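Presented below is the structure to which this report refers.
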Amino acid sequence: MQAASTMLSPIRHLLRGFPGMAPGTRSLQRHLLVWLLLPQLVLWLAAAWVTYNVAERYANKAIDASLTTATRALSRQVKPIGNGLFIDFPKAAQDIIEADPDDRVYYMVSTPPGQFILGNKQLPPPNIVDPKLEEPYFYDGRIGDEAGALQVRVSALYLAYGDDGKQRMLVQIARSRTSREQLAGQILVDTALPLSALIALMSVIVWGGIRTGLAPLWRMRALVEDRAPNDLTPIELDAAPLEVRALAKAINTLLAEVRESVTAQKRFISDAAHQLRTPLAGLKSQTELALNETDDPVLKERLQRVNQSAARSAHLVNQLLTLARAEPESAGLHGKARFDMRKLAADLSAELVPRAIAAGVDLGFEGGSDESPLHVMGNASLMREALTNLIDNAIRYAGRGKVVTVGVQAHGPQVVVTVEDNGPGLPEADRERVFQRFVRATYDGTGCGLGLSIAKEIATRHGGTVVLEAAHPTGLRAVIRLPRG
């Protein structure tokens, strides 16, 4: 199933751009949130800027109206007498104008081009070439030096006086911009807070909508990631948008093509193995007959090599057939039934005793003190093949004079089958690697590197696991854990 796993990896990579994804990958949810919320943030800032400017303009209108009234009132206190001016500006009125220290009001009366008459000499003059009489002018200016300059709003009013009416008088009233900025700021706050709450509510709604819209993709991702590499069944989504259904349909089409390709490969391997069994068996039989009929030592040695190669090839063919039967598609064709794992292991151990004796190995069985049945739900024939491969491996690689023990015990909801030997063992680095197909930790013996992978495949098909552990003081222990039936 390596081809199936290779074909499924791009699909998993495609569907990993969602929550829980690996660092460095792109998130579609984050992408949508950025492009939906970023315009809202820009619009919020633009609205705040427009609101502040509108508030400042209206604040200016209110302040300008009050300055106009104050300017005209002050101009009435400066009365022309002949060609001179009579100033009727009592101290009480002056104190009222300058009473507020946080929002100071400044005034100045002068006769252009710059003759000071009354008030504060620091008021900035208006930059008007040809002013109109009796018409107020408004502008922003500063009072004081650069370090401590005070920003003010100034109202300027030009008046005519004298007998001939040709002399000019300039009346100026200035007010600090503190009140204007406070008013504009208050309007901004009163406007921005509800707008911010609305933007936050809209963001939550957008975020919820994105999560709801992407939920079918997350379900599809879970369906793809949770399945085994050799599971090529179609992806089923009960309810999903058209775009997600189209993606699922495309993936299902790819899975169907992969399934057909893998099935064709399995069929080829199975057919080839079936076709090779008979000629290999005939070759082995013929070499055995030839060995018995010749006395030539050179020929006999060559025939023994041919016989060993034929035996090894026949073993490989049988393992390939067993592996084909253990595949998910083939395993589904075999019926499942409840069988006694303790009895199966005991009977198999007894059958393999002659093989162990021929290899110089002491094979035994330990079923524990309790001889009650330990039932497992599955296919007894396949489980027999798995256990046969584990016992055969132990006999092959333990070495002459060693002991191999098969045990079956119950551990809670599991049935644990162990095959332990006191041979040389296996390095820890190789204990997981040898479960791969055609991988051998040693090239001694006549193994083909499929026994452990067959055992793992069958155990997985039965909902169990198989691992290799170190035995004490020396040796190796193969452990199969299966759910009790």
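Along the sequence shown, residues are numbered consecutively beginning with 1. If you're wondering where the values come from, they're calculated on a predicted model, not measured in any experiment. No hydrogens, no waters, no symmetry mates; every other heavy atom, side chains included, goes into these values.
Atom CE of residue Met169 and atom CG of residue Leu133 lie 10.5 Å apart, to the nearest 0.5 angstrom. Note that the CD atom of Glu428 and the CD atom of Glu432 stand 11.0 Å from one another [nearest 0.5 Å]. Summarising the geometry, atom CG belonging to Leu123 is positioned 9.0 Å from atom CZ belonging to Phe116; distances are rounded to the nearest 0.5 Å. Atom CG of residue Asp140 and atom CZ of residue Arg153 lie 4.5 Å apart, to the nearest 0.5 angstrom. A distance of 10.0 Å separates NE2 of His411 from CG of Leu374, quoted to the nearest 0.5 Å. Note: Leu382 CG to Ile458 CD1 = 5.0 Å, rounded to the nearest 0.5 Å.
Side-chain contact of Ser155 with Arg175: a donor-acceptor pair under 3.5 Å is absent, judged by distance alone.
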Pair Val109-Leu170, side chain to side chain contact (heavy atoms under 4.5 Å, CB included): steps then yes or no
CA-CA 6 Å; Val109 179; Leu170 173 61; over 6 Å; no
Go through it in stages, so that I can follow the logic: the residues are Val152 and Arg142, the test is side chain to side chain contact (heavy atoms under 4.5 Å, CB included), and I'd like the CA-CA distance, side-chain angles, deciding distance and then a yes or no.
CA-CA 6 Å; Val152 292; Arg142 293 182 179 181; 6.0 Å; no
Could you walk me through whether Leu157 and Arg72 pass the side chain to side chain contact (heavy atoms under 4.5 Å, CB included) test, one step at a time?
CA-CA 8 Å; Leu157 181 66; Arg72 294 189 183 278; 4.1 Å; yes
Checking side chain to side chain contact (heavy atoms under 4.5 Å, CB included) for the pair Val154/Ile173: CA distance, chi angles, key distance, verdict?
CA-CA 6 Å; Val154 184; Ile173 295 289; over 6 Å; no
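Contact check for Asn120 versus Tyr107: no side-chain heavy atoms found under the 4.5 Å cut-off. Ile480 places none of its side-chain heavy atoms less than 4.5 Å from the side chain of Val416. Between Lys121 and Ser110 there is no side-chain heavy-atom pair separated by less than 4.5 Å. For the pair Phe138/Thr68, a side-chain contact is recorded, criterion being any heavy-atom separation below 4.5 Å from C-beta on. Looking only at side-chain heavy atoms (C-beta outward), Leu255 and Ile235 come within less than 4.5 Å of each other. The shortest side-chain heavy-atom distance between Met341 and Met383 falls under the 4.5 Å cut-off.
The pair Lys61-Glu56 does not meet the salt-bridge criterion, since no charged nitrogen lies less than 4.0 angstrom from a carboxylate oxygen.
Taking each heavy atom of Pro125 and Tyr139 in turn, the nearest pair found is C-OH, 3.5 Å.
With sequence neighbours left out, Glu135 forms a salt bridge (charged side-chain N to carboxylate O under 4.0 Å, His left out) with no residue at all. Listed by chain and number, the residues in a salt bridge (charged side-chain N to carboxylate O under 4.0 Å, His left out) with Arg433 are Asp430 (sequence neighbours excluded).
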Per-pair distances, 0.1 Å, donor-acceptor, side chain in residues 465-473, under 3.5 Å, sequence neighbours excluded:
{"residue": "Glu469", "atom": "OE1", "partner": "Arg477", "partner atom": "NH1", "Å": "3.3"}

